[in-house]
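Contents: one structure, followed by commentary.
To find a chain, count down the sequence lines: A is the first, B the second, and so on, and within it residues start at 1.
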Amino acid sequence: MRGFFVFHTLKSITMTFRSWKGRMSISPTIRVRFAPSPTGYLHVGGLRTALYNYLFARKNNGTFVLRIEDTDRTRYVEGAVENLLKTLVWAGLEYDEGPVQDAGYKMQDSGFRLQVSGGRVSSNYQGVVEVGEYGPYIQSERLEIYKEHIHQLIEKKKAYYCFCTQERLEQLREAQQKEKLQTKYDKHCLNLSQSEIEENLEAKIPYVVRLNVEGNQTVVTDDVIRGRVEFDSNLIDDQVLVKSDGYPTYHFANVVDDHLMKITHVIRGEEWLPSTPKHALLYDAFEWEKPVFAHLPLLLNPDKSKLSKRQGDVAVEDYRSKGFLNEALVNFVALLGWNPGTEQELFSMEELVQQFSLERVHQAGAVFNLEKLNWLNFEHLRKKSDSEVLQMLKEQLAESRFKNKQFSDEYLLQVIEAMRPRMSFVKDIIEQSSYFFELPASYEEEGVKKRWKEETPSQLNRLIEEFSSLVNPTKEQYEQALHKAAESLGIGNGKLIHAVRLAVSGVSGGPGLYDMLFILGREEVIRRIETAIEKIKV
RNA sequence: GGCCCUAUCGUCUAAGGGUUAGGACACGGCCCUCUCAAGGCCGCGAUACGGGUUCGAAUCCCGUUGGGGCUACCA
């Protein structure tokens with residue numbers, strides 16, 4: 001009882017004084033959830049919703065729950081749940097309760113602490129174990145719970161059986177549209193007598209269960225991000241709560257589960273704002289305490305419509321496979337709709353946790369713009385240690401056309417050092433400086449035109465003579481040798497430098513020439529210059 | 001159509017009645033330099049519009065317009 005009171009009071013204070021900004025340190029255990037429906041992949045918008053839930057939970061020493069909303073059997077996608085779990089692990093969003101891949105799916109490697117042992121084996125998904133005391137965390141495994149709760153509502157006359165056919169519903173809707181009226185169920189089945197209902201039930205006539213919305217009320221929802229929002233109950237449809245296949249709709253399952261799982265804050269996308277009054281009515285019907293709502297602004301396409309496929313990549317795994325670091329994606333997505341009020345742009349997950357607050361979440365939608373994400377990837381990549389980058393490079397080399405070639409760690413580390421300021425992605429090393437892994441296949445046309453003159457071959461031969469006399473040369477010795485050659489030829493160093501670069505790499509950009517020569521080694525350098533002299537014709 | 005949300009540089013955003021409207025990405029220029037980058041410096045660039053309230057409005061109120069979401073036995 002006391003817990004209830006404290007919670008209630010705290011909530012209203014939070015609502016009323018937004019300017020107190022996160023000063024509330026005494027609070028009941030905060031519990032939030034991310035409740036995706038497994039439609040195949042994790043959407044970046046979903047990632048942000050999950051992230052904000054995660055940050056809010058961690059910031060407030062709360063609990064982060066993962067729940068799978070798979071009540072639409074027509075949208076079942078093979079492997080979607082497994083893929084979702086995998087992606088959350090990759091993103092580093094460790095949840096405290098919910099389904100996990102059996103055997104922990106390398107949970108240890110990713111720093112997840114969630115213990116799989118002791119979990120309950122999922123009945124509907126192979127290899128999935130559910131951890132936590134409020135399970136099952138998969139809605140298709142909670143059917144009995146919904147059945148029990150819908151009966152409570154029916155008894156209270158807050159919900160009722162509806163036997164209307166699709167045809168009647170369609171006709172109704174058409175008629176209403178023709179009259180320019182709001183399309184809404186006409187409560188036809190609410191007037192059925194008890195005996196009629198029983199007859200229908202007995203006759204196995206398909207039915208749904210609908211919420212009985214009373215008219216002429218104002219339904220008020222308080223939202224942390226949007227403040228007070230009011231709805232006229234005359235405009236709220238008698239929402240289907242249980243479908244004819246016996247499965248609950250989102251609206252019903254979500255309310256029942258949030259209550260049973262003791263969720264204190266519902267943080268979800270703005271697309272749910274219009275259905276929140278239905279949820280509020282459900283809480284009232286059950287006489288349950290409502291959670292605090294926070295409706296996040298939408299992520300948008302460049303044309304400002306709701307972020308969708310066909311206007312670019314929306315799956316987290318797309319970005320992962322393109323080589324984005326989880327740190328960068330998380331940092332980027334965190335800033336879409338939130339900022340700490342300082343001028344910091346670069347955040348680690350720890351910093352996000354420390355600084356996050358729901359009160360600083362924006363109200364307007366944010367365009368998902370890749371330019372900044374690229375930059376963030378560059379910044380986060382440069383924070384990685386040499387050995388971390390080495391590891392990634394080796395993995396990517398193993399999947400590249402160089403997979404059959406051997407390179408020593410020492411060699412690769414030198415390449416990494418040289419490429420660091422020029423790469424936003426690890427794969428840039430392979431794509432932009434392939435000359436570290438193979439002979440130049442061709443010579444950049446424009447470079448040849450600009451840097452390769454008639455006299456160049458003979459000048460380079462002079463340089464080869466100088467290089468040939470060197471023994472295990474250092475970068476400085478390459479430089480001295482080149483200067484010497486240039487001097488004896490009576491030309492500027494630049495003439496040789498550009499020609500050598502072209503000969504050795506095939507391109508006219510890249511790391512400092514002496515770094516490049518040093519990394520490739522004397523024999524290789526001489527060989528490449530000789531090859532170039534042979535191949536490049538002016 | 002109805003309901004709801006929303007509106008500051010191209011994009012992400014700061015500014016909670018008094019600021020030359022700040023930062024970041026992108027873009028342009030300069031410096032550095034053997035190239036390409038990186039880095040440093042500089043620049044370009046915004047309060048949608050109209051009414052109020054106020055000594056004073058990006059900020060509060062109303063309206064208009066624009067944008068978006070929702071309007072399913074999908075979530």
Side-chain angles (χ1 to χ4, degrees), chain A residues 18-19 35-39 69-72 74-75 162 164 166 169 173 177 180-184 206-210 221 223 225-226 229-232 234-237 239-251 253-254 268-277 295 297-298 300 302-306 332 335-346 362-376 378 382 419-424 428 432-433 447 450-451 479 482 492-502 505 507-514 516:
Chain A
R18 283 184 58 177
S19 56
S37 88
T39 50
E69 311 227 326
D70 58 346
T71 54
D72 184 358
T74 61
R75 292 216 296 181
C162 172
C164 290
Q166 291 287 2
L169 260 21
R173 195 170 312 150
Q177 274 167 353
K180 299 222 168 183
L181 292 167
Q182 220 230 320
T183 54
K184 181 183 157 185
Y207 67 89
V208 299
V209 181
R210 287 181 183 274
T221 53
D223 188 289
I225 295 166
R226 287 155 219 286
V229 186
E230 297 185 356
F231 298 86
D232 177 355
N234 293 313
L235 270 14
I236 301 173
D237 202 359
Q239 183 67 47
V240 170
L241 301 178
V242 176
K243 303 181 249 184
S244 54
D245 64 2
Y247 277 65
T249 57
Y250 168 84
H251 306 285
N254 151 71
R268 71 211 326 181
E270 192 189 343
E271 69 267 32
W272 296 110
L273 194 53
S275 52
T276 306
H295 287 96
L298 259 22
L300 274 23
D303 73 355
K304 306 253 185 185
S305 58
K306 186 173 163 182
F332 176 62
L335 259 14
L336 256 24
W338 172 85
N339 80 87
T342 64
E343 289 185 349
Q344 184 177 354
E345 301 277 345
L346 225 61
H362 257 262
Q363 295 161 85
V367 173
F368 191 88
N369 188 319
L370 284 334
E371 280 163 351
K372 198 161 188 169
L373 176 57
N374 287 328
W375 171 73
L376 282 169
F378 169 81
R382 90 189 318 199
M419 287 300 291
R420 270 213 186 255
R422 303 162 235 269
M423 61 173 183
S424 289
D428 289 346
Q432 287 174 20
S433 58
K450 201 169 165 192
R451 310 291 192 191
E479 184 167 5
L482 186 135
N493 298 328
K495 282 256 188 288
L496 281 179
I497 287 171
H498 293 297
V500 175
R501 171 182 295 286
L502 194 60
S505 72
V507 294
S508 52
L513 179 71
Y514 306 116
M516 226 154 89

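Between the side chain of A:Arg226 and the base of B:C5 there is no donor-acceptor pair of N/O atoms closer than 3.5 Å.
Across all strands shown, A:His362 has heavy atoms under 4.0 Å from sugar-phosphate atoms exclusively, and none from any base. Across all strands shown, A:Val208 has heavy atoms under 4.0 Å from base atoms, whether or not it also approaches the sugar-phosphate. At the heavy-atom level, A:Pro302 lies nowhere under 4.0 Å from the strands shown. At a threshold of 4.0 angstrom between heavy atoms, the contacts of A:Ser508 include nucleobase atoms, whether or not backbone atoms are also involved. Within the nucleic acid shown, A:Thr276 has no heavy atom closer than 4.0 Å to any nucleic acid atom. Counting non-hydrogen atoms under 4.0 angstrom, A:Lys180 reaches nothing in the nucleic acid. At the heavy-atom level, A:Ser244 lies under 4.0 Å from base atoms of the strands shown. As judged by a 4.0 angstrom heavy-atom cut-off over every strand, A:Arg420 is placed among residues making no nucleic acid contact. Nucleic acid contact class of A:Tyr514 (heavy atoms, under 4.0 Å, all strands): base. Residue A:Gln177 is out of contact with every strand shown, counting any heavy-atom pair closer than 4.0 Å. Among the atoms of the strands shown, base atoms are found under 4.0 Å from some heavy atom of A:Gly512. In this structure, A:Asn493 reaches neither bases nor backbone, as no heavy-atom distance under 4.0 Å exists between it and the strands shown. A:Gly510 comes within 4.0 angstrom of a nucleotide base, judged by non-hydrogen atoms across all strands. Looking at heavy-atom distances under 4.0 Å, A:Glu69 makes contact with sugar-phosphate atoms alone, never a base.
Between A:Leu346 and A:Leu376, the closest side-chain pair of non-hydrogen atoms falls below 4.5 Å. Put simply, the side chain of A:Thr276 does not reach to within 4.5 Å of the side chain of A:Val229, judged on heavy atoms. Using a 4.5 Å heavy-atom threshold, the side chains of A:Lys243 and A:Asp72 count as touching. The closest side-chain heavy-atom distance from A:Ser275 to A:His251 is below 4.5 Å.
Of the candidates B:U6, B:G69, B:C5, B:G69 carries the atom nearest the A:Pro274 side chain, counting heavy atoms from C-beta on. Checking B:C70, B:A75, B:C4 against every side-chain atom of A:Lys306, the shortest atom distance belongs to B:C70. Closest contact between the side chain of A:Trp375 and the listed nucleotides B:C74, B:U35, B:A24 involves B:A24. Proximity note for A:Leu273 (side chain, C-beta onward) versus B:C5, B:C12, B:A75: the nearest is B:C5. Proximity note for A:Ala366 (side chain, C-beta onward) versus B:C73, B:C34, B:U13: the nearest is B:U13. The side chain of A:Phe378 lies closest to B:G39, out of B:C25, B:G39, B:U35. Side-chain atoms of A:Arg422 lie closest to B:C36 of the nucleotides B:C5, B:C36, B:U13. Taking the side chain of A:Leu298 as heavy atoms from C-beta on, and the options B:G39, B:G69, B:C74, the nearest nucleotide is B:G69. Checking B:C5, B:U13, B:C34 against the side-chain heavy atoms of A:Leu513 singles out B:C34 as nearest.
Spacing of P atoms, B:C12 relative to B:C55, comes out at 37 Å, to the nearest Å. When the C1' atom is used for both B:G22 and B:U65, the distance is 29 Å, rounded to whole Å. Here, B:A7 and B:C42 have their P atoms 32 Å apart, quoted to the whole Å. Here the separation of B:U64 from B:A72, taken at their C1' atoms, is 33 Å to the nearest Å. Distance noted for atom C1' between B:G68 and B:C62: 22 Å (whole Å). Distance noted for atom P between B:A58 and B:A46: 15 Å (whole Å). Nucleotides B:C4 and B:U19 have their C1' atoms positioned 35 Å apart, rounded to a whole Å. Taking atom P in both B:C70 and B:G63, one finds a spacing of 25 Å when rounded to whole Å.
Mapped onto RNA chain B by nearest heavy atom, A:Val240 and A:Gly341 fall at different nucleotides, with A:Gly341 at the one closer to the 5' end. If A:Glu345 and A:Gly509 are placed on RNA chain B by their nearest nucleotide, the residue sitting closer to the 5' end is A:Glu345.
When both pairing distances are held under 3.5 Å, B:U64 makes a Watson-Crick or G-U pair with B:A48. Base pairing of B:C3 is made with B:G69, judged by Watson-Crick or G-U wobble geometry with both donor-acceptor distances under 3.5 Å. When both pairing distances are held under 3.5 Å, B:A26 makes no Watson-Crick or G-U pair with any nucleotide shown. Look at B:G39: its Watson-Crick or wobble partner, with both distances under 3.5 angstrom, is B:C31.
The nearest whole Å value for the distance from the CG atom in A:Asn339 to the C1' atom in B:U8 is 13 Å. For A:Lys495 and B:U35, the NZ to C1' distance is 15 Å, given to the nearest whole Å. Taking atom CG on A:Asp237 and atom C1' on B:G2, their separation rounds to 13 Å, with Å as the unit. Atom CH2 of A:Trp272 is separated from atom P of B:C4 by 20 Å (rounded to the nearest Å). Between the CD atom of A:Glu270 and the C1' atom of B:A75 there is a distance of 16 Å, given to the nearest Å. Rounded to a whole Å, the NZ atom of A:Lys372 is 13 Å from the C1' atom of B:C9. Straight-line distance from the OH atom of A:Tyr250 to the P atom of B:A75: 10 Å, rounded to whole Å.
Contact between the side-chain N/O atoms of A:Thr71 and the OP1/OP2 oxygens of B:A75 is found at a separation under 4.0 Å. Of the side-chain N and O atoms in A:Ser275, none sit less than 4.0 angstrom from OP1 or OP2 of B:G69. Note on A:Asn369: every side-chain N or O is 4.0 Å or more away from OP1 and OP2 of B:C12. For B:A75, one of the phosphate oxygens OP1 or OP2 lies less than 4.0 angstrom from a side-chain nitrogen or oxygen of A:Lys243. Under 4.0 angstrom from either OP1 or OP2 of B:C5 there lies no side-chain N or O belonging to A:Gln363.
The neighbour count for A:Tyr247 OH, taken as heavy atoms of other residues, nucleotides or ligands under 6.0 Å away, is above 12. No more than 12 heavy atoms of other residues, nucleotides or ligands shown are found within 6.0 angstrom of NZ on A:Lys495.
Listed here is the closest heavy atom pair of A:Pro248 and A:Ala253: CG-CB, 3.8 Å.
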